[in-house]
Amino acid sequence: MNRKEKFDQVNKEAKAAGIGLILIIVFWIAAGFGVSCLNISIGHTPLWVITGCIGTWVFAILLVTWMVKKVFKDFDLDEEESDE
């Protein structure tokens, strides 16, 4: 990878992380506040607590796993040594 390709990849990863953060926040709002209108309890715990906490945690893990497989790449940021 040349220098420009490295910076393009870093930029792509940063954008993916920002979009991932927004998706997690939207999921948290939907899973917590969106489910709060339902009067469902599991083991005396409201459903919105389970979906808002555990559901968001699981969603974040799945999202990060997908991003690591599809978006992120492993490469050195060091300058390549040129043959002189």
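Given the structure is predicted, the values throughout are model-derived calculations rather than measurements. All values below come from the heavy atoms of this structure, side chains included, with hydrogens, waters and symmetry mates left out.
- In this structure, the side chain of Gln9 engages the main chain of Val71 through a donor-acceptor pair within 3.5 Å.
- Rounded to the nearest 0.5 angstrom, Ile19 CD1 and Leu63 CG are separated by 10.0 Å.
- Interatomic distance, Asp78 CG to Asp76 CG, rounded to the nearest 0.5 Å: 5.5 Å.
- In this structure, Ile42 is a member of the same hydrophobic cluster as Trp48, with clusters built from ILVMFWY side-chain heavy atoms closer than 4.5 Å.
- Between Asp8 and Lys4 a salt bridge is recorded (basic side-chain N to carboxylate O distance below 4.0 Å).
- Under the 3.5 Å distance criterion, the side-chain polar atoms of Glu13 are matched with a main-chain donor or acceptor of Lys73.
- With rounding to the nearest 0.5 Å, the separation of CH2 in Trp28 from OG1 in Thr51 is 11.5 Å.
- Linking ILVMFWY residues whenever their side-chain heavy atoms come closer than 4.5 Å, directly or via other members, places Leu23 and Phe72 in the same cluster.
- The aromatic rings of Phe59 and Phe27 sit parallel, their planes meeting at an angle under 30°, below the 60° perpendicular limit.
- Between the CD1 atom of Ile24 and the CD1 atom of Ile61 there is a distance of 10.0 Å, given to the nearest 0.5 Å.
- Environment of CG in Asn11: crowded, with over 12 heavy atoms of neighbouring residues, nucleotides or ligands closer than 6.0 Å.
- Put simply, Met1 and Val10 are part of the same group of oily side chains (I, L, V, M, F, W, Y) that touch within less than 4.5 Å, one to the next.
- Within 6.0 Å of atom CZ in Phe75, more than 12 heavy atoms from other residues, nucleotides or ligands are found, so the atom counts as buried in its surroundings.
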